[in-house]
Amino acid sequence: MKSIAWNNLNKLESYKKLLSLKNAASVASSLKGNTGAKRIKEFSIPMSCGLVYNFAAKQVNRQIIAIFKSLAKEAQLLEKYAALYNGEIINTGEKRMVLHHLTRGQLGTDVFEGTTNKRTFYAAQQKAIADFAQKVHSGALTNENGESYTTVCQIGIGGSDLGPRALYLALENWARTNSALKMDAHFISNVDADDAASVISQLNIARTIFVLVSKSGTTLETLTNQMLVADFIKKAGCIPARHMVAVTSETSALAKSADFLAVFFMDDYIGGRYSSTSAVGGTVLSLAFGADVFTRLLAGAAAEDKCAAEADIMQNAALMDALIGVYERNVQNYSMTAVLPYSQALSRFPAHLQQLDMESNGKSVNRFGKKITYATGPVIFGEPGTNGQHSFYQLLHQGTNIVPLQFIAFKENQTGKDIVIKNSTSQKKLNANVAAQIIAFACGKNDANPNKRFAGGRPSSIIYGKQLTPETLGALLSHFENKVMFQGFLWNVNSFDQEGVQLGKVLATSVLENTMDANLRSYAELLVQ
C-alpha cells in the first residue's frame, strides 16, 4: 500500500482549486432554479438497506464534484479509512487504534492481523450479552423474589447515553408493532438528582435491571448516579447486586466487582460517541428488543461501512456528504448544520449526532498538535419535523446566516396506524412538508413586500428510504460516523479523542475536594460553598 501522508487541508492543491471557485456565478446558480427531475436523479447516491442520499439541493455542480474526486484522492481518504479499519494507530492523542467498525462485522477479507484478537473479543461480548438477554427474557434469571425482570434502565452520560437512547427511541414503536419489545427502557444521565428521581418514580424497582456504563469506571456523574440508584434499590427492599449489570473496560475497578449480576466489556479502542454498536448500546438494546434485533442493526451498519469504502464518490454517500460538508464549512464559510429528521422516532438522533460531530472535529490543532488556520467542525443542531418548522425554521429561511440542512425521511411510518384526513394520511402530510421545505429553501419566493420575500439559495440534502427499521437505523448511524471520520481526515485533526471534556471534570473535582485556586473559588462560592 502507498504510504499515507497526513497534510493540512490548506496544503492540498485540490482544496485550493475549490477556493478559487468560491464566488463563481456557475456555482451560485447551480441550486436556485435548478432542482428538476434530471438533477435529482443525477445527484442521488444509493446507500445500503434501501436508503438513498440525494444532494440535488446542494450548491454543487459537475465542476465541483470533479474537484471533490481529486480532493478525495489527494487526501487519500479511502486509504486512511482502510488504515483505521485495519488497526493502525489513528488516535494519535491517546496512541490507540480506532476499532468501532469491528463491532458490527468484517468489511473485507484483507484484514490487518493485529485486529484478529479484537474481532474475537467483540464477538465474544456480543454473544455474552445475547445469552444474558435470553436468560432474562425466558425467566431463567429472576430477582430475589423469583420474579421476572420487565424493565431495563441505563445509567451513563455522553456516549454512554446519547447514542443508545437515540437508538432505543428510534426503534421503540417499530418493536411494539412487530412484537419485538421485550422490556421497556429508561435512561438516567445527568448528575442532577432530579433526573434520577424522575426516572426512578416511573419504575417498579423490584423488576428493573440497571445497566451501569463507564469505560474507565471513574466517571463522576455515572458513579454518583450508581450510588443514588443503589440507595433507591435498598429502600425498595431489594439487593443492588441483583439489579445491576456493568459495561466497562477489563482494567477498570468495576470489572471484578461483586456488585453486579454480570459485567460486559468494551475497550480503549472505542470512544464513547462511537460505542453504540459495542456493549454500550448492545446491552440495553438487546435487553429491550432481543439480541436478534440488535444483530439486525449491526448488519445495517456493516453494510453501510462497506459502502463507505467505495472508490467512486458517486457511489459513496458518506464520502460525498463529508466532501460537501467541508466545502460548505471552508469555502462557503457556513458555520452550522441542521439535522432535520421527519420522523418522531428520531427525536434524539440529532442530539447524538451533535456529540458525534462536535466532540470529534471540534479541534483547533492538527494530528501532530500544530495550530491550524482554517475552520473545522460546524455547530450541529436539530429537531424533528414538522415541530422544527414551528420553532427555528424562521431563521433558516430568512435569517442572516445560511445554514446547510440535512433532512431524513421515510415513505412509510413504523406502526401502520394512520387514517385519511382531508384526502391524505398523516404520513403523506409529513412527507409533503419535507418536499415543500427543500424547494422553499432552495428556490425561495419573490414578493414586493420584503418581509415576505425568501432569498432561497439555502442548501440541503436528504437521506430517505421506505421505513425506519433496525437495518436502516444501523445504516444511518454508520453513514454519519463515517462522514465525521472522512471530514476529520480532510481537516487533519484527531477525531477520536476529546480533551475538551477533561478540563471541566478536573476543575469540578478540585471544587469538591477544596483544592481550587482563587479564581475558581469565587465562582464555586456562588453555588457550592
Participant: Can you tell which of Leu220, Thr224, Thr219 makes a side chain to side chain contact (heavy atoms under 4.5 Å, CB included) with Thr222?
Facilitator: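 For Thr222, the side chain to side chain contact (heavy atoms under 4.5 Å, CB included) test succeeds with only one of Leu220, Thr224, Thr219, which is Thr219.
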Participant: Considering residues, nucleotides and ligands other than Lys445, do more than 12 of their heavy atoms fall under 6.0 Å from its NZ?
Facilitator: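 Check passes, neighbour count above 12.
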Participant: Does the Asn225 side chain pair with the main chain of Asn190, one donor and one acceptor, at a distance under 3.5 Å?
Facilitator: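 Yes, Asn225 side chain to Asn190 backbone: donor-acceptor pair under 3.5 Å.
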Participant: Using a 4.5 Å cut-off on heavy atoms from C-beta on, say whether the side chain of Ile90 contacts that of Phe489.
Facilitator: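 Touching, per the 4.5 Å side-chain cut-off.
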Participant: About how many Å separate CG of Leu319 and CG of Leu323, when rounded to the nearest 0.5 Å?
Facilitator: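 The CG atom of Leu319 is 4.5 Å from CG of Leu323, to the nearest 0.5 Å.
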Participant: Which pair of non-hydrogen atoms, one from Pro404 and one from Glu328, has the smallest distance, and what is that distance?
Facilitator: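 Where Pro404 meets Glu328 most closely, the heavy atoms are CB-OE1, 3.3 Å.
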Participant: Can you list the residues that meet the side chain to side chain contact (heavy atoms under 4.5 Å, CB included) rule with Ala440, with sequence neighbours excluded?
Facilitator: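 Applying side chain to side chain contact (heavy atoms under 4.5 Å, CB included) to Ala440 gives His397.
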Participant: Are the side chain of Thr386 and the backbone of Gln389 linked by a donor-acceptor contact shorter than 3.5 Å?
Facilitator: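 No, the answer is negative, given that no donor and acceptor are paired below the 3.5 Å cut-off.
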Participant: For the residue pair Leu473 and Cys49, establish whether any side-chain heavy-atom pair is separated by less than 4.5 Å.
Facilitator: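 Counting from C-beta outward, Leu473 and Cys49 never come under 4.5 Å.
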Participant: Using modelled atom types and a 3.5 Å cut-off, is there a donor and acceptor pairing between side-chain atoms of Gln414 and backbone atoms of Leu171?
Facilitator: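 No, because the side chain of Gln414 does not come within donor-acceptor range (under 3.5 Å) of the backbone of Leu171.
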Participant: List for me each residue that meets salt bridge (charged side-chain N to carboxylate O under 4.0 Å, His left out) alongside Asp192, sequence neighbours excluded, and say none if there are none.
Facilitator: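 Once residues adjacent in sequence are excluded, Asp192 has no partner under the salt bridge (charged side-chain N to carboxylate O under 4.0 Å, His left out) criterion.
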Participant: Of the non-hydrogen atoms in Met320 and Ile313, which two are nearest, and what is the gap between them?
Facilitator: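 The answer is CE-CD1, 3.6 Å.
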Participant: Are the side chains of Tyr85 and Asp305 in contact, using a 4.5 Å heavy-atom criterion?
Facilitator: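 They are not in contact (no side-chain heavy atoms under 4.5 Å apart), so the answer is no.
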Participant: Which residues pass the ring pair (Phe, Tyr, Trp, His ring centres under 6.0 Å) test with Phe407, sequence neighbours left out?
Facilitator: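 Phe407: ring pair (Phe, Tyr, Trp, His ring centres under 6.0 Å) contacts with Tyr342.
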Participant: Could I get the full list of salt bridge (charged side-chain N to carboxylate O under 4.0 Å, His left out) partners for Lys483, not counting sequence neighbours?
Facilitator: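 Only Asp321 meet the salt bridge (charged side-chain N to carboxylate O under 4.0 Å, His left out) criterion with Lys483.
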Participant: Nearest 0.5 Å please: distance from the CG atom of Asp418 over to the OG atom of Ser426.
Facilitator: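 Nearest 0.5 Å value for the CG-OG distance: 4.0 Å.
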Participant: For Lys80 and Ala75, work out which heavy atoms get closest and say how close.
Facilitator: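 Minimum heavy-atom separation between Lys80 and Ala75: NZ-O, 2.9 Å.
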Participant: How close do Ala185 and Ala288 get, counting heavy atoms only, and between which atoms?
Facilitator: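 Closest pair (atom of Ala185, atom of Ala288, distance): CB-CB, 4.3 Å.
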Participant: Quick one: side chain to side chain contact (heavy atoms under 4.5 Å, CB included) partners of Ser14, sequence neighbours excluded?
Facilitator: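 Scan of Ser14 (side chain to side chain contact (heavy atoms under 4.5 Å, CB included), adjacent residues dropped) gives Ile67, Ser70, Leu71, Glu74.
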Participant: With a 4.0 Å cut-off on N to O distance, would you call Asp497 and Lys363 a salt bridge?
Facilitator: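 Salt bridge present between Asp497 and Lys363.
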Participant: Does the side chain to side chain contact (heavy atoms under 4.5 Å, CB included) test come out yes or no for Gln154 and Val213, once each step is laid out?
Facilitator: CA-CA 7 Å; Gln154 181 127 320; Val213 183; 3.5 Å; yes
Participant: As an exercise, state the distance from CD of Glu304 to CG of Asn482, rounded to the nearest 0.5 Å.
Facilitator: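 Separation between the atoms: 7.5 Å.
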Participant: Can you find a heavy atom in the side chain of Leu297 that is under 4.5 Å from one in the side chain of Phe289?
Facilitator: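 The answer is no; the side chains never approach within 4.5 Å.
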Participant: Mark yes or no for whether Gln467, through its side chain, and Asn413, through its backbone, hold a donor-acceptor pair below 3.5 Å.
Facilitator: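 Checking the backbone N and O of Asn413 against the side chain of Gln467, a donor-acceptor pair under 3.5 Å is found.
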Participant: If we count only N and O atoms by modelled type, under 3.5 Å, do the side chains of Ser198 and Ser201 hold a donor and an acceptor together?
Facilitator: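 Ser201 and Ser198 do not have a side-chain donor-acceptor pair below 3.5 Å.
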Participant: Just by distance, no angles: are the side chains of Asn492 and Asn7 close enough, under 3.5 Å, to form a donor-acceptor pair?
Facilitator: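 Not at all, the side chains of Asn492 and Asn7 share no donor-acceptor pair under 3.5 Å.
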Participant: Indicate yes or no: at least one non-hydrogen side-chain atom of Lys182 is less than 4.5 angstrom from one of Val152.
Facilitator: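 Not touching, per the 4.5 Å side-chain cut-off.
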Participant: Please check: side-chain N/O of Ser391 versus main-chain N/O of Gly388, any donor-acceptor pairing under 3.5 Å?
Facilitator: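 A pair under 3.5 Å: no.
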Participant: Classify the ring geometry between Tyr81 and Phe486 as parallel (under 30°), tilted (30 to 60°) or perpendicular (over 60°).
Facilitator: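 Tyr81 vs Phe486 ring planes: perpendicular.
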Participant: Among all residues two or more places apart in sequence or in another chain, which pass the salt bridge (charged side-chain N to carboxylate O under 4.0 Å, His left out) test with Lys16?
Facilitator: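 Expected list: Glu13.
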Participant: Can you name the ring pair (Phe, Tyr, Trp, His ring centres under 6.0 Å) partners of His100, sequence neighbours left out?
Facilitator: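 Here the qualifying residues are Tyr274.
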Participant: So, using side chain to side chain contact (heavy atoms under 4.5 Å, CB included) as the criterion, who are the partners of Ile372 when residues are at least two apart?
Facilitator: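 Partners of Ile372 under the side chain to side chain contact (heavy atoms under 4.5 Å, CB included) test: Asn8, Asn366, Tyr374, Thr376, Val493.
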Participant: Of the non-hydrogen atoms in Gly271 and Lys215, which two are nearest, and what is the gap between them?
Facilitator: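 Shortest heavy-atom separation between Gly271 and Lys215 comes out as CA-NZ, 4.2 Å.
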Participant: Just so I know, are the side chains of Gln202 and Thr151 near enough to count as touching, which here means a heavy-atom distance under 4.5 Å?
Facilitator: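 Counting from C-beta outward, Gln202 and Thr151 never come under 4.5 Å.
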Participant: Which residues satisfy the ring pair (Phe, Tyr, Trp, His ring centres under 6.0 Å) test with Phe381, sequence neighbours excluded?
Facilitator: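 Ring pair (Phe, Tyr, Trp, His ring centres under 6.0 Å) check on Phe381 returns Phe392.
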Participant: Donor-acceptor pair, distance only, cut-off 3.5 Å: does the side chain of Asn316 make one with the backbone of Glu310?
Facilitator: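 Judged by distance alone, yes, a pair lies under 3.5 Å.
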Participant: Could you check whether any side-chain N or O of Glu221 sits under 3.5 Å from a backbone N or O of Val191, counting only pairs where one atom can act as donor and the other as acceptor?
Facilitator: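 No.
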Participant: Measuring only between side-chain heavy atoms, which start at C-beta, is Trp491 closer than 4.5 Å to Arg329?
Facilitator: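 Contact flag for Trp491/Arg329 side chains = yes.
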Participant: Check for a donor-acceptor pair, side chain of Thr92 on one end and backbone N or O of Arg367 on the other, with a separation under 3.5 Å.
Facilitator: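 Side chain of Thr92 to backbone of Arg367: a pair is present.
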Participant: Determine whether a donor-acceptor pair (N or O, by modelled atom type, separation under 3.5 Å) exists between the side chain of Glu172 and the backbone of Asp184.
Facilitator: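 Judged by distance alone, no pair lies under 3.5 Å.
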Participant: For the residue pair Gln498 / Arg273, report whether a side-chain donor-acceptor contact shorter than 3.5 Å exists.
Facilitator: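 Yes, because at least one side-chain N or O of Arg273 sits under 3.5 Å from a partner of the opposite role on Gln498.
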Participant: From Asn401 CG over to Ser335 OG, what is the distance, rounded to the nearest 0.5 angstrom?
Facilitator: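 Output value for this atom pair is 6.0 Å.
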Participant: Testing the basics here: between Ser275 and Met266, what is the closest heavy-atom pair and its distance to 0.1 Å?
Facilitator: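 The pair with the smallest heavy-atom distance is CB-CE, 4.1 Å.
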Participant: Please round to the nearest 0.5 Å and tell me the distance separating atom CG of Leu203 and atom OG1 of Thr208.
Facilitator: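 Reported to 0.5 Å precision, the distance equals 4.5 Å.
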Participant: For the CD atom of Gln355 and the OG atom of Ser360, what is their distance to the nearest 0.5 Å?
Facilitator: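 Going from CD on Gln355 over to OG on Ser360, the span is 8.0 Å.
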Participant: Can you find a pair of side-chain heavy atoms, one from Val293 and one from Asn178, that are under 4.5 Å apart?
Facilitator: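 Val293 does not reach Asn178 side chain to side chain.
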Participant: Take a 6.0 Å sphere around NZ of Lys73 and say whether it holds more than 12 heavy atoms from other residues, nucleotides or ligands.
Facilitator: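 Result for NZ/Lys73: open.
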Participant: For Phe55, enumerate each residue passing the ring pair (Phe, Tyr, Trp, His ring centres under 6.0 Å) test, keeping only those at least two apart in sequence or located in another chain.
Facilitator: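 For Phe55, the residues satisfying ring pair (Phe, Tyr, Trp, His ring centres under 6.0 Å) (neighbours in sequence not counted) are Phe43, Tyr53.
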Participant: For Ile419, which residues count as a side chain to side chain contact (heavy atoms under 4.5 Å, CB included) partner, sequence neighbours excluded?
Facilitator: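 With sequence neighbours excluded, Ile419 shows a side chain to side chain contact (heavy atoms under 4.5 Å, CB included) to Ile421, given in chain and number order.
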Participant: Just jot down the salt bridge (charged side-chain N to carboxylate O under 4.0 Å, His left out) partners of Arg296, sequence neighbours excluded, or say none.
Facilitator: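 Applying salt bridge (charged side-chain N to carboxylate O under 4.0 Å, His left out) to Arg296 gives Glu471.
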Participant: Counting only N and O atoms by type, is there a donor-acceptor contact under 3.5 Å from the side chain of Asn91 to the main-chain atoms of Phe496?
Facilitator: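 Checking the backbone N and O of Phe496 against the side chain of Asn91, a donor-acceptor pair under 3.5 Å is found.
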